[in-house]
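Since the structure comes first, as structure tokens, the remarks are kept for the end.
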Amino acid sequence: MQTNQLSAWRDELLRRWVWRRRREDFSNLDYRDRISVVTWVLVFGFVLSLLLRLPTTVISFRALGSPTEVELTATTLMAFVLAIVASAGAEGLIRLHPKRQANRLGLTWAYWALPAAMSIVTVVLLPSIPTRLFQAVVILVAGVLLMIAFYSLYATVEPGQPGFRRARFWLDALAYGVALLLFLFVYQARTRSLLSGTLIAFTASLLAVELLRNSTNETRPVLMHSAVVGLLLGEMTWALNYWPLLPGLTGGLLLLLSFYLAVGIALQGLQGRLTKRIMIEFGVFAVFAVALIIVFGPGF
């Protein structure tokens, strides 16, 4: 009788072990299907952000000695929700990679940054587009760019593999493009420095994480350098807001230049290549770029 009972326990443990292995086995899933599903969910969310109507909640408080109001609207809610959806989609995608299944990949939070930032910027920009036709075009373009971002994220999980450089190029281009759109929109809106600086600092930090994550295998230095980049951009936004006659295009280009320089210096520092010669090169480039903005940009 004991033999039969032991056999029953063994069979039950074996059955549960096999069930758990099947539940955790993602090898039969295609990452392209995951990308398609997540992209369509985000596109639907962008459409919903235009249709959703919720009462605006106003939070009043005093900041730095002056009264400040923060409006929590349907746009704010959808930006937050879709950023979470995009991050979850990126996490689910990366979990399908063989390197992740073999437990040879560390923390995967760095892959959330670009999709989350793209979703936030898209939701924030959509209400400012004047016609429904242009809004539909922007939503479709955003869907295509998100799909490219997800494919590129998957291709950059393992450096040195075929297609890594091309995928890294697309990710860098998307990060800087999203940064430029954000800087132009926020600076053109001329909102309070506490609000505009906070938005730019947060989003710039997310984009910096994406641009820096392949520079080292350690996650903490990437997070610290990205936070510094975001803080610098937030402080510069605060300073530029005191220049009321500066046009939005010129202000956006100055912010993009600052973002590019800050990320470039952080990248060289993480790779251990930040020397005096590199700093001189960045300084010369900065002077040349500012001169071009002064000559061709309006407002000077």
Side-chain angles (χ1 to χ4, degrees), residues 20-49 78-123 138-179 182 202-203 205-220 222-223 226:
R20 179 169 296 181
R21 292 289 298 177
R22 287 178 179 177
R23 186 183 62 175
E24 296 178 352
D25 184 17
F26 299 104
S27 59
N28 60 338
L29 297 179
D30 191 344
Y31 72 94
R32 289 178 288 263
D33 295 336
R34 181 66 57 87
I35 292 175
S36 177
V37 171
V38 175
T39 302
W40 280 112
V41 169
L42 290 173
V43 168
F44 175 77
F46 296 150
V47 176
L48 184 61
S49 69
M78 289 303 299
F80 178 74
V81 171
L82 291 182
I84 295 177
V85 172
S87 301
E91 175 67 19
L93 172 66
I94 300 305
R95 284 180 177 273
L96 297 180
H97 197 278
K99 187 176 181 180
R100 179 65 178 86
Q101 296 183 35
N103 292 324
R104 292 186 293 112
L105 188 63
L107 297 177
T108 55
W109 60 264
Y111 296 89
W112 307 352
L114 182 60
M118 293 176 67
S119 300
I120 292 173
V121 172
T122 302
V123 174
V138 170
I139 289 174
L140 292 177
V141 171
V144 172
L145 294 179
L146 277 167
M147 188 173 294
I148 294 174
F150 284 126
Y151 273 105
S152 300
L153 287 172
Y154 189 86
T156 55
V157 171
E158 193 165 2
Q161 295 299 310
F164 175 83
R165 290 183 178 272
R166 181 171 62 253
R168 188 64 261 174
F169 168 79
W170 277 108
L171 292 174
D172 291 348
L174 287 172
Y176 284 114
V178 170
L182 174 70
F202 177 73
T203 313
S205 298
L206 290 179
L207 295 173
V209 167
E210 174 54 44
L211 292 167
L212 298 176
R213 66 176 173 83
N214 287 124
S215 61
T216 178
N217 293 326
E218 299 180 10
T219 56
R220 185 176 180 182
V222 171
L223 180 60
S226 300

Checklist line | Nearest-0.5 Å distance, CZ of residue Phe46 to OG1 of residue Thr122 | finding: 4.5 Å

Margin query: Restricting to non-hydrogen atoms, name the atom on Leu171 and the atom on Ala149 that form the minimum distance, rounded to 0.1 Å.
Written below: CD2-O, 3.8 Å

Notebook entry, point to check: So how far is it from Leu114 CG to Leu211 CG, rounded to the nearest 0.5 Å?
Noted result: 8.0 Å

Next item on the list: Work out which heavy atom in Val178 is nearest to a heavy atom in Ala117; give both atom names and the distance.
Entry: CG1-O, 4.3 Å

Notebook entry, point to check: What closest approach, in Å, do Leu174 and Met118 show between heavy atoms, and which atom pair accounts for it?
Noted result: CD2-CE, 4.4 Å

Next item on the list: Check whether any side-chain heavy atom of Val209 sits under 4.5 Å from a side-chain heavy atom of Trp109, and report yes or no.
Entry: yes

Item checked: Heavy-atom closest pair, residues Leu207 and Ala175 -> CD1-O, 3.7 Å

Note to self: For the CD1 atom of Ile84 and the CD atom of Glu91, what is their distance to the nearest 0.5 Å?
What the structure shows: 14.0 Å

Check: Hey, are the side chains of Leu42 and Phe150 touching, using non-hydrogen atoms and a 4.5 Å cut-off?
Finding: yes

Notebook entry, point to check: Which of these passes side chain to side chain donor-acceptor pair (under 3.5 Å) with Thr156: Arg165, Arg168, Arg213, Glu210?
Noted result: Arg213

Note to self: As an exercise, state the distance from CZ of Arg166 to OG of Ser152, rounded to the nearest 0.5 Å.
What the structure shows: 9.0 Å

Checklist line | Nearest-0.5 Å distance, CD1 of residue Ile148 to CH2 of residue Trp170 | finding: 5.0 Å

Next item on the list: Please name all residues satisfying ring-ring contact (aromatic ring centres under 6.0 Å, His included) with Tyr176, sequence neighbours left out, ordered by chain then number.
Entry: Phe259, Tyr260

Next item on the list: Rounded to the nearest 0.5 Å, what's the gap from CZ on Arg95 to CG on Leu93? Could you check?
Entry: 12.0 Å

Next item on the list: Identify the two heavy atoms, one from Ser226 and one from Leu212, that lie closest to each other, and give their separation to 0.1 Å.
Entry: OG-CD1, 3.8 Å

Notebook entry, point to check: Are side-chain heavy atoms of Pro115 and Val38 found at a separation under 4.5 Å?
Noted result: no

